[in-house]
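Everything numeric here is computed off the predicted structure, so don't read it as measured data. Numbers here are sequence positions counted from 1.
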Amino acid sequence: MGCIHTKCCCRYPKSLVGESQDFRQGVPYCLQDKNTVIEKSLEMIPVASHNYHLEYLVLAQRGYYPESPDKENQDSFCIRTNIQGNPNAHFFGVFDGHGQFGMQCSNFVKDRLIEKLCNDPTLLDDPIQAYNSAFLSTNDELHTSEIDDSMSGTTAITVLVVGDTLYVANVGDSRAVIAVKEGNCVLAKDLSNDQTPFRKDEYERVKLCGARVLSVDQVEGLVDPDIQCWGDEESQGGDPPRLWVQNGLYPGTAFTRSIGDSTAEKIGVNAVPEVLVLQLNPNHLFFVVASDGVFEFLSSQTVVDMASSYADPQDACTAIAAESYKLWMEHENRTDDITIIVVQIKGLSNSGADNNPSSNGLETASLRIDFSDLPTEPNTQPVAVTNRNPAIVVPMLNNQTSL
């Protein structure tokens, strides 16, 4: 995940911020065909309760690692339609593994999380509580499984569609974003917030749990460790603040939540999801669920601009993956794993949606998070991990190398 050497350039190149571009001029970089899996046939899912349908496509691209050409793709994804036999309930999820056993972690969570949701009789009545229970119990089971998750784990960005409502549950720094039509513009609205020490609330929470929060430069003595301000994630993402135990040089996580990462759990990293609820309306055109391999160098708005340029989700996925791949190669001479799900919203009318034309449906979204359940002591219930620059890193001290 993220920059393998921990100090890349600014995440979003200036050419991709605030400029209108035509992304239909051809794919700038060819994807590695043998490493790319595309659901070639466009899938269509009806949502009969509100008389609209979803069309989706998935692309998964294994990262290019010159020094580890056989490294497995640590991303995984899950799409489940007609959950619990309900034709109006559908699930989309992307899981971005990290660490030595990241692939095993992401695959484990992909399978167990949806299984728990499908078997929870309260899911459709109380999706938020069902999400919370499923994330935490999956985290518990990963800890007790045969997988060594002491320094490995996974993100989880998931979207549950129930009728005309989206329930977006996030742990980590993969991302969901929705395209909203406002006048003649199509704007990107994030459906999740990256959970990193850049966030004041997350910083304060992990500090209460005993974490030291320092960048690699601070750990290596190049920057004053008493400075506890790192700017913002977009401009300072190359050397982000990380979590360390009080008297050691581990785990070095650049994220504050994930599933797995039992070592980081002792200093506040946890698997409690943040859940955003959004009622759809006709101004919502499509949503994208993707791993941070996409968003390392592409802003949410750029991804939406690119997806808006194509009528076919397959073309949109391919273009986004190719642009991400190109920028990775330009800045890193390697790429992260890339997984993208594009879901188009077709035929939704005002009859089943919010009729307030000024809201575009977004003011109906509320971040329903119960922080009272978060641990404030180092050794409370299980927790998890993940972020955009290498998920876990060891400082370059005494000839050590980064993970």
With a 3.5 Å distance limit and no angle check, can you tell me whether [X] reaches the backbone of [Y] through a side-chain donor-acceptor pair?
X	Y	answer
H284	L280	no
Q195	N170	yes
S68	D70	no

Ignoring hydrogens and geometry beyond distance, is a side-chain donor-acceptor pair present between [X] and [Y] at under 3.5 Å?
X	Y	result
S106	T154	no
Q279	D164	yes
D120	T122	yes
T339	D75	yes
S150	D148	yes
H53	E55	yes

Under the salt bridge (charged side-chain N to carboxylate O under 4.0 Å, His left out) test, residues paired with E72 that sit two or more places apart: none
Evaluation steps, ring-ring contact (aromatic ring centres under 6.0 Å, His included), between Y203 and F198: CA-CA 7 Å; Y203 166 83; F198 281 110; over 10 Å; no
Step-by-step ring-ring contact (aromatic ring centres under 6.0 Å, His included) determination, Y167 to Y131: CA-CA 9 Å; Y167 297 87; Y131 255 142; 7.6 Å; no
Verdict with supporting geometry, T196 and D194, side-chain hydrogen bond (donor to acceptor under 3.5 Å, both in side chains): CA-CA 6 Å; T196 77; D194 297 352; over 6 Å; no
Lys/Arg-Asp/Glu bridge criterion (N-O < 4.0 Å) met for E323, K326: yes
Stacked cation flag R175 on F295, 6.0 angstrom / 45 deg: yes
Cation-pi geometry met for K71 and Y65 (6.0 Å, 45°): yes
Side-chain heavy atoms of I340 within contact of V342, under 4.5 Å: yes
ring-ring contact (aromatic ring centres under 6.0 Å, His included) evaluation trace for Y250 with W244: CA-CA 5 Å; Y250 65 91; W244 315 90; 8.9 Å; no
